[in-house]
Amino acid sequence: MTQKHILSGDLLVFHDDPFEVPPEDAVQIQSDAALLIENGKITARDSRDILIAAHPEAAHHPHPNRLICPGFIDAHVHYPQTAMIASWGKRLIDWLNTYTFPEEMRFDHPAYAAEISARYLDLTAAHGTTTMASFCTIHPTSVEALFTEAAKRGQRIVAGKTCMDRNAPEGLRDTAQTSYDESKALLEKWHGVGRLSYAITPRFSPTSTPEQLEALGVLWAENPDCLMQTHLSEQVDEIAWVKDLFPNARDYLDTYEAFGLLGERGVYGHAIHLEPREIDRLKDVDAALVHCPTSNTFIGSGLFDMAGLKARGVSTGLATDTGGGSSFSMLRTMAAAYEVAQLNGSVLHAGQLLWLATAGSAKSLHLSDKIGTLEVGMEADIAILDLASTAAIAQRYNNATHHWDRIFPTLMMGDDRAIAEVWIGGAKQILS
Ligand code: GUN
Ligand code: ZN
């Protein structure tokens, strides 16, 4: 017989998008509540006493003074950059050439790709992240390794082979044809297998010829249910370079649009320095943008305009951008998103930050029907937060006067020590 589990405590529940409805109404903390988990899914949600009485055979896991959240969803990462996170002193293009490309070169070795895949998924689970959309390297082995490790763990993941056929070193370039062929073979092997899905992944316009972008646009048109992930308008120097490389393009987004790489299932990382036409087109097609605040401050890219883009109704997720981002933690990322919004003259509510890190990222990855909330029927990916995980946070928590005031210090000051328990696909994880 299937083992049933009941998790009880305070639940984070979304009734609406807190950027469209006032956050206090859209996001609720349900006290003394409980979830029933069986066969990897949430099968009931009710008050604790009712659920326990209805399912006396279930194993009960009480979580007083904690917050039971959907597992965090990191909508843009580079798992191959795990071992070079926090590399000093460069801006985007120099940072790629100096630190990133030499490290990515190592992923043609299956054993190294497997080692970093396992290390990355251990680290992220310990930080409460249960799903991510990852760039791999140009090597198919890098995709095989990550999908193999995620499948072993029953983990939902989105990933793709990063395609580059110019402006990258020898050994880290494919061609228009091989990028199409290899991406297609990987997609056919892995997309939709268990909890795995494939994203077509041109790295960014500067490292792709028009021929490669066109080939990947064709592949996307042939597989429209796949996501397409890339980078957009991250740094001012990068945008000037794109203008030189694509003199006929109207703007950065047009280098994708012209080759069939703009669409509803497009997921564009960074998107800081957008032109009005770009925002209009992204909104028209309902594409998703991903805010990577620790990366944008760490590499010196700029301030993402969350308030302006959400006011336009643009779909937005949240991400660490490991290893341009300086942390594996979505808590740390929420804190950075809050700080960036402050620098931009707006304030994000704790409910908005938690929504971005869960339901918002799920929406941007078109996974809202599976993950990102604690609704009945959803896959049981859960992160349970200790709201008093360090002495510094505890003394603030003890001084709080209402529930958001008890939660916000953990969003601002928390890290992996605040992650009390993690469930992936209905299985409690042993955290490293
Ligand atoms: N633009 C193209 N590649 C990358 C990358 O690996 N990280 C970041 N932050 N930006 C990029
Ligand atoms: Zn990136």
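Quick caveat: nothing in here was measured; it's all calculated off a predicted structure. Order of listing sets the numbers, starting from 1, for every ligand and every atom in it.
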Checklist entry - Given the rule in the ring pair (Phe, Tyr, Trp, His ring centres under 6.0 Å) test, do H291 and F304 qualify, once you have shown the distances and angles that lead to the verdict? => result CA-CA 7 Å; H291 181 23; F304 182 85; 4.5 Å; yes

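Y252 pairs with exactly one of K243, E257, E238 by the side chain to side chain donor-acceptor pair (under 3.5 Å) rule, that one being E238. For the salt bridge (charged side-chain N to carboxylate O under 4.0 Å, His left out) criterion with R312, the lone passing option out of D286, D280, D284 is D280.
Taking backbone and side-chain atoms together, E234 has no N/O/S atom less than 2.8 Å away from the Zn ion (ligand 2). Residue H270 does not count as close to the Zn ion (ligand 2), with no N, O or S atom under 2.8 Å. Contact annotation: H231 places an N, O or S atom under 2.8 Å from the Zn ion (ligand 2).
Only the side chain of H270 comes within 4.0 Å of ligand 1, judged by heavy-atom distances. At a heavy-atom cutoff of 4.0 Å, ligand 1 is contacted by the side chain of W95 but not by its backbone. Contacts between T207 and ligand 1, counted as non-hydrogen atom pairs separated by less than 4.0 Å, are absent for every part of the residue.
Here the N, O or S atom of H78 that is nearest to the Zn ion (ligand 2) is NE2. When the N, O or S atoms of D321 are ranked by distance to the Zn ion (ligand 2), OD1 comes first.
Applying the ring pair (Phe, Tyr, Trp, His ring centres under 6.0 Å) test to F408 and every residue at least two apart in sequence or in another chain returns Y338.
In terms of protein heavy atoms, atom 3 (N) of ligand 1 is closest to R203 NE, 2.7 Å. The nearest heavy-atom contact from the protein to atom 10 (N) of ligand 1 is E234 OE1, 2.7 Å.
Under a 4.0 Å criterion applied to the non-hydrogen atoms of F204, ligand 1 contributes the atoms 1 (N), 2 (C). Ligand 1 places these atoms under 4.0 Å from at least one heavy atom of D321: 8 (C), 9 (N).
By the 30° and 60° cut-offs, the orientation of the rings of F135 relative to H76 is tilted.
Side chains of S179 and D174: no donor on one and acceptor on the other come within 3.5 Å.
Annotation: cation-pi geometry satisfied between R166 and F246 (NZ/CZ under 6.0 angstrom from ring centroid, within 45° of ring axis).
The two residues P293 and T333 come nearest to each other via the heavy atoms CG-O, 3.4 Å.
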